[in-house]
Amino acid sequence: MISGKTVVLGVSGGIAAYKAVDICRRLIENGAHVVPIMTSGAKRFIGEVTLSALASEPVKSSLWEGDDPIPHTTLGQQADLILVAPATARLLGTYAAGISNDLLTATLLASRAPVVVCPAMHTEMWEHPAVQDNIRTLQNRGVFVVAPEDGKLAGGDIGKGRLASTQSIVSTVERALFPNDLEELKILITAGGTREPIDPVRFITNRSSGKQGYALAEAAVARGATVTLVTTVDRPAPTGVEVLYAETANDLRSVVMSCAENHDVIIMAAAVADFKPSSTANRKLKKSALSTNLELEPTHDFLVDLGAGKLPHQTIVGFAAETEELEKNAIGKLKGKNLDLIVANDVSAPNTGFAHDTNEVLLLSDGDKREVPLSTKRVIADSIFDVVLDLRKNK
Ligand SMILES: Cc1cc2nc3c(=O)[nH]c(=O)nc-3n(C[C@H](O)[C@H](O)[C@H](O)COP(=O)(O)O)c2cc1C
């Protein structure tokens with residue numbers, strides 16, 4: 001997708017600078033023209049020769065040396081995209097403040113191209129309010145931020161701050177270059193928890209708020225898709241989305257099955273009840289008539305039907321909300337239901353899952369696993385679509 005695009009690759013001075021070599025290689029393999037800029041900090045961590053040899057042009061690092069009398073405007077205007085990986089706290093702060101004191105920050109300010117920054121630093125630095133304020137400022141200006149991941153850090157520490165994977169960084173570069181990357185697709189998304197009535201006033205339900213399904217719908221329309229949202233909750237839907245309502249697992253099944261074949265991507269984010277009352281009273285049951293034992297029967301798992309009847313043009317995504325053995329259980333569902341992707345989350349972990357605005361998920365497909373660290377549900381939604389696009393490219 002990025003073939004022929006000029007990507008200015010800014011590398012700043014953190015331990016993760018060595019990973020810029022892999023990112024550069026991946027961009028070159030995908031056909032991009034990569035122009036590397038290193039800060040003086042970056043040169044303390046990796047040799048200029050390595051990047052010069054792998055990139056499309058030799059490394060640039062000075063405003064004052066070289067043949068071009070105004071290098072920052074040339075680079076800023078040539079760039080189809082500027083990627084900074086890794087981005088130090090210093091680089092983020094300087095860029096957010098609009099200060100240009102080296103070639104990289106001057107190029108960032110002298111460009112109208114989309115910008116992707118990939119912070120990497122120790123957890124204490126990443127969580128510092130000044131750094132977080134700078135991140136928000138940049139995001140509000142439309143800069144794409146690829147959040148760092150949890151894991152091993154320099155000096156043996158463990159925590160958040162590791163540079164995101166090359167795969168996530170390259171996917172974000174593609175999205176920044178092609179904002180309408182879902183334009184060709186018809187996407188069906190389900191959202192919310194189903195309600196299984198006992199009588200006209202009582203029902204069985206679950207804790208699903210529908211927030212993840214709505215975030216998926218928002219991301220999909222923003223990226224140009226035609227979206228149908230089948231929902232059990234009454235929340236304002238993003239403009240441009242066709243909204244269909246359902247209440248019970250049975251309703252949801254009939255709505256989804258009636259329009260499934262017209263859709264290229266089906267994402268089952270709704271929490272569909274596994275059981276429903278064996279009978280539903282037409283009138284409110286008197287307290288005295290209510291039994292202390294409620295007889296239940298299983299609902300039909302129509303995700304199995306969708307998987308079994310999957311058409312060649314379709315990609316089917318399921319969700320696995322688990323409280324134990326997350327990966328194992330999720331892989332069981334992925335295979336057992338013939339899905340292309342399963343979004344697994346541990347709903348017992350803090351700030352994740354039902355009703356929260358944030359989530360932390362594993363995206364599991366055949367032979368591939370991507371971790372999305374604690375992020376907003378919109379960021380999770382975009383990561384899901386990045387993987388869906390990769391899966392469809394490799395089909
Ligand atoms: C060993 C070592 C590792 C460092 N790692 C990081 C890092 O991962 N992230 C970061 O923001 N700063 C890190 N720093 C601090 C930066 O190198 C320092 O702020 C420097 O001025 C950044 O320069 P630059 O932004 O111009 O590249 C590290 C410093 C040292 C000595």
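Numbering of ligands and ligand atoms starts at 1, following listing order.
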* Would you say T88 and ligand 1 have an N/O pair spaced under 3.5 Å apart? -> yes

In the protein, which heavy atom is nearest to [atom], and how far is it?
{"atom": "atom 11 (O) of ligand 1", "result": "A89 N, 2.8 Å"}
{"atom": "atom 23 (O) of ligand 1", "result": "G41 CA, 3.9 Å"}
{"atom": "atom 14 (N) of ligand 1", "result": "G13 O, 3.8 Å"}
{"atom": "atom 2 (C) of ligand 1", "result": "F45 CZ, 3.6 Å"}

* Look at atom 16 (C) of ligand 1 and say whether a protein heavy atom is found at less than 4.0 angstrom from it. => yes

Check whether more than 12 heavy atoms from other residues, nucleotides or ligands sit under 6.0 Å from atom [atom1] of [X], and answer yes or no.
{"X": "E184", "atom1": "CD", "answer": "no"}
{"X": "L294", "atom1": "CG", "answer": "yes"}
{"X": "D368", "atom1": "CG", "answer": "yes"}

* Matching residue for K276 among E297, E295, E196 - test: salt bridge (Lys or Arg N to Asp or Glu O under 4.0 Å) ->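 Of the listed options, the one satisfying the test is E297.
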
Side-chain donor-acceptor pairs under 3.5 Å in residues 235-247, sequence neighbours left out?
| unit_1 | atom_1 | unit_2 | atom_2 | d |
| --- | --- | --- | --- | --- |
| E242 | OE1 | T228 | OG1 | 3.1 |

In terms of atom number and element, which parts of ligand 1 are under 4.0 angstrom from non-hydrogen atoms of [X]?
{"X": "G14", "value": "5 (N), 6 (C), 7 (C), 8 (O)"}
{"X": "S12", "value": "25 (O), 27 (O)"}
{"X": "T39", "value": "24 (P), 26 (O), 27 (O)"}
{"X": "I15", "value": "3 (C), 5 (N), 8 (O)"}

Is ligand 1 under 4.0 Å from a heavy atom in the side chain of [X], in the backbone, in both, or in neither?
{"X": "A120", "value": "backbone"}
{"X": "R90", "value": "side chain"}
{"X": "H122", "value": "neither"}

* Other ILVMFWY residues reachable from L153 by side-chain steps of under 4.5 Å ->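 Other cluster members: none.
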
* Using only heavy-atom distances, determine whether the side chains of T166 and R26 contain a donor-acceptor pair under 3.5 Å. => no

* Asked: Charged N to carboxylate O below 4.0 Å: is that the case for D133 and R136?
  ->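 Salt bridge present between D133 and R136.
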
* Is the backbone of T6 close enough, under 3.5 Å, to the side chain of D80 for a donor and an acceptor to pair up by distance? -> yes

* To do: Report yes or no: does A16 have a heavy atom closer than 4.0 Å to ligand 1?
  => no

